[in-house]
Q: 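Below: one structure in structure tokens.
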Amino acid sequence: MELAVGASESAMRSLLGKLGSLLAQEYTLISGVRGEIQYMNNELSSMYAFLRRLSRAAAAGAAHDEQTKDWIEQVRDVAYDIEDCVDDFAHRLSRQPRGEGLLVNVSRAWYAMTTLWARRDIASKNRAQEVGERRTRYGVQDPKENSESVSGIKPSGRAHPYATDHLQPPVPQLVGTTEPVGQEDAIVKHGQWLTTESEGGVRVLAIVGFGGLGKTTMALALQRRFGEKFDSRAWVQASQKLNLPSLLRGIRKQVMPQQDTEGKGGRGTSDGHADGIEGLNEKQLKEKLKEQLNQKNYFLFIDDVWSVSSWQNIWQSLPISQKGSIVVTTRFKSVANACCRQQEHIYMLKPLPHVESTKLFFERIHDPKQENFKETKDEIIMKCGGLPLALVVVAGLLARRDLTEESHWRTVKESLNSELDKNLSPEGVTQILNLCYNDLPADQKNCLLYLSIFPKGCSINRKRLIRRWISEGFIAEKDGKTVEEVAEDSFNELISRNIVRPVEHNTNGKVKTCQVHDMILEYIVSKSSEENFITVVGGHWLTPTPSNKVRRLSLHNINPEDVKEKIENMNLSHVRSLTVFENLHHLPSYSFKSVILQVLDLEGCKSINTKQLDKIFKMFQLKYLSLRCTYIKKLPPGIGKLQYLETLDIRDTNVTELPSSVGRLQKMVHLLGGNKSTHLALRFTEEIAKMTALQTLLGIEISRGSTTDLGSMHNLTKLKKLSIYSLGDLHTNNNKYDELLPTIEHLTGYSLKSLAIDDGFTGFLNSIDDLSSPPKYILSLDLSGKLLRVPRWMKELEILEKLTLSLTSLRTDGLKVLSQLSKLFSLTFSINAKGQDSSVLEILQNNAMDSGGKIFVPADGFASLKLLRFSAPVMPLLSFLEGAMPELQRLELQFRLLELPR
């Protein structure tokens with residue numbers, strides 16, 4: 001019920017914003033439709049107010065009848081349909097001729113005729129009135145917001161019973177591997193067996209247990225602890241609906257030699273079709289895999305096998321090697337029996353005993369006074385039935401409250417009626433997930449459900465997710481915060497509640513990627529399908545074909561039968577969001593005819609062709625477009641027509657220059673280009689500088705041809721993140737750096753918080769010492785290339801959190817300067833200068849000789865440093881003085897061994 005309210009409220013809020021914009025436009029007066037738009041706006045505003053009341057009542061636990069639920073779904077559908085019309089109307093009429101005179105009058109008359117359909121469509125939209133009248137006619141009652149929750153939770157009088165505005169954002173941290181609670185002995189025992197060669201063939205360990213008991217966590221712990229003993233390792237998922245070619249392709253990618261990956265995984269044919277591994281059929285994949293793993297010491301983790309037949313298909317595809325080890329997780333004992341010849345190699349996971357349940361619970365809730373209200377806390381833990389998933393999500397539910405108030409503990413205890421302590425059942429888990437889900441505000445429910453777009457086991461990039469939330473209209477400014485800040489808050493809320501778990505952190509301590517537990521993902525996929533919020537086809541889920549219009553479509557590992565049975569029977573005329581994973585081979589051509597599409601994410605789709613690309617750039621409503629990791633080489637001039645585009649991601653492609661029409665993209669906020677590993681960059685032009693709304697500009701090249709355009713870069717005063725991958729031939733210019741340095745000074749004086757420059761070992765970085773105005777407000781700084789010493793103004797960067805410097809600047813005196821940066825969280829010294837090893841070695845030797853043959857890390861300073869990294873082909877001798885870097889949590893060293901640090 002609450003989902004329908006949240007989805008409808010979000011759709012209505014987006015529509016009202018667009019109607020308000022229409023009313024503010026001059027052409028609504030000219031076209032004679034202002035009255036109709038004003039009437040519709042008033043009618044929908046009343047519906048929106050009523051939906052808000054329903055939302056508050058549902059958040060307090062009030063139950064609504066079927067008539068109310070049906071009415072809310074009608075509101076959502078009519079809001080979607082009207083929004084489609086409004087978007088089309090605004091696009092057509094925004095081109096209406098302006099001015100006076102005979103020629104303009106003739107043009108306006110002709111234009112009025114050609115846009116008659118669009119204007120009539122808006123004026124005849126009486127569905128909103130009909131839906132409003134239907135509420136009264138069928139007795140949809142006003143919500144009783146002061147009623148007590150059916151779950152025992154009482155409303156607090158706020159917009160949401162447990163508002164979290166007072167909570168602080170999570171502190172920056174590094175991902176620490178979490179070991180499974182209560183499984184240490186089993187991990188040691190089975191890990192030793194898996195790493196012992198035997199003449200009995202492949203060693204197979206099956207881990208069996210109910211969903212949420214920690215099967216995957218234990219298997220990953222085995223891989224983490226013993227994986228280094230194997231030549232090749234891979235982790236793949238089977239799940240309810242096995243896609244064998246995709247699974248084999250996943251193994252092949254992970255065990256393939258690096259040179260093979262670079263040779264085939266990084267290029268495409270001229271017509272855009274992928275070669276290499278993407279083009280192999282099932283038979284070829286089996287042959288390649290057996291060839292690759294035969295007689296190799298390999299470790300395979302096959303997660304979530306659902307049937308004996310699935311296991312048999314997988315087993316017959318793998319080479320029989322005495323050196324191979326396989327770990328299988330499954331919910332079914334019959335599958336485990338099929339996997340293992342001996343029962344001793346079947347490990348049955350059981351619920352945690354109370355002592356270990358308590359340990360896990362308080363690891364996640366961080367309660368400083370565990371002994372307070374002990375009886376209530378013990379009952380909560382007991383009701384979780386020793387199920388790790390239940391313990392973690394309930395801990396997250398409580399973590400968002402004031403833990404010093406016993407009433408909060410009692411409320412949650414009384415709301416838990418899952419009976420997991422008596423019987424582990426899917427219904428019991430669903431009850432707990434319902435409790436945690438219903439505790440979320442409506443807008444955050446939408447954000448959570450949106451995660452069902454991503455495949456099972458997928459690591460979801462935080463920035464990709466947040467930008468998509470914004471483009472979908474889920475996020476609105478509030479409390480003086482920008483949409484980006486509100487989106488970050490929503491993401492942090494899901495992390496803090498343990499609904500989403502972090503997988504990897506950036507070097508600034510923020511979450512980089514996250515994952516959703518299988519059972520939570522299964523729950524939200526089901527909810528999304530029920531309410532027609534998101535439609536998922538293929539992959540691991542068996543979901544029914546929607547009976548009405550599809551709004552958001554996600555295609556996972558598409559099989560031809562899925563296309564025939566599902567996609568071709570769907571109404572795709574109103575799709576606003578399309579996400580495709582892996583390939584476009586079986587996607588119907590008409591899927592690219594939707595002119596109302598706002599989010600199109602084709603990341604990793606190697607098979608995209610020129611015809612499809614041309615169709616994409618006719619989708620005038622697009623706000624988010626990702627072509628990352630595709631084989632495209634250039635973008636068509638039609639890109640200039642995407643006037644609403646906010647995010648364009650063309651990283652890791654072969655695009656090096658944009659069409660001149662990009663200067664028309666006045667709403668572009670994030671332009672992401674270049675290839676960090678190959679240093680392929682996107683040429684900066686004056687047209688890019690016309691995108692004055694830009695906040696992120698990644699992967700650009702500044703060359704002699706673009707220096708004349710650098711002055712125009714001063715217009716990008718909203719720029720928050722700038723990354724320069726290449727300076728091209730700039731070093732051949734006599735006045736090579738006269739324009740670039742003032743530009744950097746100018747931008748850092750406005751909004752710029754993150755700056756990265758790679759000078760390609762040309763020596764530009766040494767001139768950066770001449771900045772007359774240091775970037776005092778920068779939070780992240782990356783200076784890669786030939787930097788001979790730390791810039792003298794570095795000591796003034798008092799709020800700097802993340803710093804990456806060329807290894808050539810590593811000197812004792814420089815470390816003393818850096819040690820005084822009190823906010824510095826991570827420090828990286830790296831170098832990537834092919835063919836420059838001898839030059840680098842000479843510089844490092846000179847740096848060491850200046851301080852007596854060693855480089856010393858000072859005993860004091862670095863008060864906040866958590867991460868120190870060295871990544872280079874050569875490594876100088878370091879000496880860490882006693883007391884150096886007292887808060888350091890991780891030291892990473894990657895180099896061809898020269899001398900060990902002391």
Side-chain angles (χ1 to χ4, degrees), residues 173-196 202-239 250-251 254-255 297-305 324-331 335-336 339-340 344-353 355-364 386-393 395 456-459 498 500-505 511 513-521 889-890 892:
Q173 59 182 335
L174 302 172
V175 170
T177 54
T178 303
E179 295 297 326
V181 174
Q183 308 298 341
E184 179 61 27
D185 292 343
I187 290 172
V188 172
K189 173 187 173 183
H190 293 294
Q192 290 174 347
W193 175 72
L194 287 168
T195 53
T196 302
V202 179
R203 296 169 297 282
V204 181
L205 169 67
I207 304 174
V208 193
F210 183 79
L213 274 175
K215 301 183 296 295
T216 302
T217 304
M218 179 177 173
L220 287 174
L222 282 166
Q223 179 174 330
R224 188 166 55 246
R225 196 174 303 185
F226 298 96
E228 294 298 329
K229 298 180 182 294
F230 297 88
D231 300 326
S232 301
R233 300 177 298 278
W235 170 27
V236 290
Q237 292 196 322
S239 294
I251 296 175
Q254 295 176 64
V255 301
N297 184 22
Y298 65 82
F299 179 96
L300 299 182
F301 169 23
I302 303 174
D303 196 18
D304 203 18
V305 180
S325 293
I326 301 175
V327 175
V328 176
T329 64
T330 180
R331 302 183 189 186
V335 174
C339 294
C340 302
E344 64 183 284
H345 302 310
I346 296 176
Y347 183 67
M348 297 289 297
L349 272 178
K350 298 179 180 179
L352 295 176
V355 172
E356 290 171 336
S357 293
T358 302
K359 178 184 177 183
L360 176 60
F361 184 80
F362 285 110
E363 277 181 359
R364 296 305 183 96
L387 190 68
L389 175 63
L391 289 161
V392 166
V393 296
K456 181 178 178 181
C458 175
S459 289
N498 297 327
V500 176
R501 70 176 185 89
V503 174
E504 182 183 1
H505 281 68
V511 175
T513 59
C514 65
Q515 271 185 347
V516 186
H517 188 280
D518 295 352
M519 292 196 76
I520 298 178
L521 186 57
Q889 295 180 2
R890 184 182 297 174
E892 296 182 6

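Just so it is clear, the values below take in all heavy atoms, side chains as well, and ignore hydrogens, waters and symmetry mates. These figures come from a predicted structure and were not determined experimentally.
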Q: Among all residues two or more places apart in sequence or in another chain, which pass the ring pair (Phe, Tyr, Trp, His ring centres under 6.0 Å) test with Phe210?
A: none

Q: Should the pair Phe230 and Phe299 be assigned to parallel (<30°), tilted (30 to 60°) or perpendicular (>60°) ring geometry?
A: tilted

Q: Do the side chains of Val500 and Gln515 get nearer than 4.5 Å, heavy atoms only?
A: no

Q: Among all residues two or more places apart in sequence or in another chain, which pass the ring pair (Phe, Tyr, Trp, His ring centres under 6.0 Å) test with Phe226?
A: none

Q: Within a strict 4.5 Å, meaning less than it, do heavy atoms of the Tyr298 and Arg233 side chains meet?
A: no

Q: Return yes if some donor-acceptor pair links the side-chain N/O of Lys229 with the main-chain N/O of Thr195 below 3.5 Å, else return no.
A: no

Q: Donor-acceptor check, side chain of Asn498 to backbone of Ala395, threshold 3.5 angstrom: yes or no?
A: no

Q: Could you check if a side-chain atom of Leu349 sits within less than 4.5 angstrom of a side-chain atom of Ile207, using non-hydrogen atoms only?
A: yes

Q: Taking the side chain as every heavy atom from C-beta outward, state whether Thr216 and Phe301 have any pair of such atoms under 4.5 Å apart.
A: yes

Q: So, does Gln223 use its side chain to make a donor-acceptor pair with the main chain of Ala219 at under 3.5 Å?
A: no

Q: So Lys189 and Tyr347, do their side chains get closer than 4.5 Å, heavy atoms only?
A: no

Q: Going from CG on Leu391 to OG1 on Thr358, what distance comes out if it is rounded to the nearest 0.5 angstrom?
A: 8.5 Å

Q: With sequence neighbours excluded, tell me which residues meet side chain to side chain contact (heavy atoms under 4.5 Å, CB included) with Lys350.
A: none

Q: Taking atom CG of Asn297 and atom OG of Ser325, what is their separation to the nearest 0.5 Å?
A: 7.0 Å

Q: Check Ser232 against Val255 and note the closest heavy-atom contact, atom names and distance.
A: CB-CG1, 3.8 Å

Q: Indicate yes or no: at least one non-hydrogen side-chain atom of Leu300 is less than 4.5 angstrom from one of Ile251.
A: yes

Q: Enter the distance from Gln237:CD to Ile302:CD1 here, rounded to the nearest 0.5 Å.
A: 11.5 Å

Q: Going by the rule side chain to side chain contact (heavy atoms under 4.5 Å, CB included), which residues pair with Thr217 if we only count those two or more places apart in sequence or in a different chain?
A: Pro180

Q: Would you mind reporting whether Leu387 and Leu213 have side-chain heavy atoms less than 4.5 Å apart?
A: yes

Q: Going by an N to O cut-off under 4.0 Å, is there a salt bridge joining Glu184 and Arg225?
A: yes

Q: Excluding sequence neighbours, so at least two apart, what forms side chain to side chain contact (heavy atoms under 4.5 Å, CB included) with Thr330?
A: Val208, Phe332, Val335, Ala336

Q: Give, for atom CD1 of Ile520 and atom CZ of Arg501, the distance between the pair rounded to the nearest 0.5 Å.
A: 10.5 Å

Q: Heavy atoms, side chains only, cut-off 4.5 Å: are Asp303 and Trp235 in contact?
A: yes

Q: Which residues pass the side chain to side chain contact (heavy atoms under 4.5 Å, CB included) test with Glu356, sequence neighbours left out?
A: Val181, Leu352, Pro353

Q: Nearest 0.5 angstrom please: Met218 CE to His190 NE2, how far?
A: 5.0 Å

Q: Any side-chain to backbone donor/acceptor pair from Arg203 onto Thr196? Under 3.5 Å, distance only.
A: yes

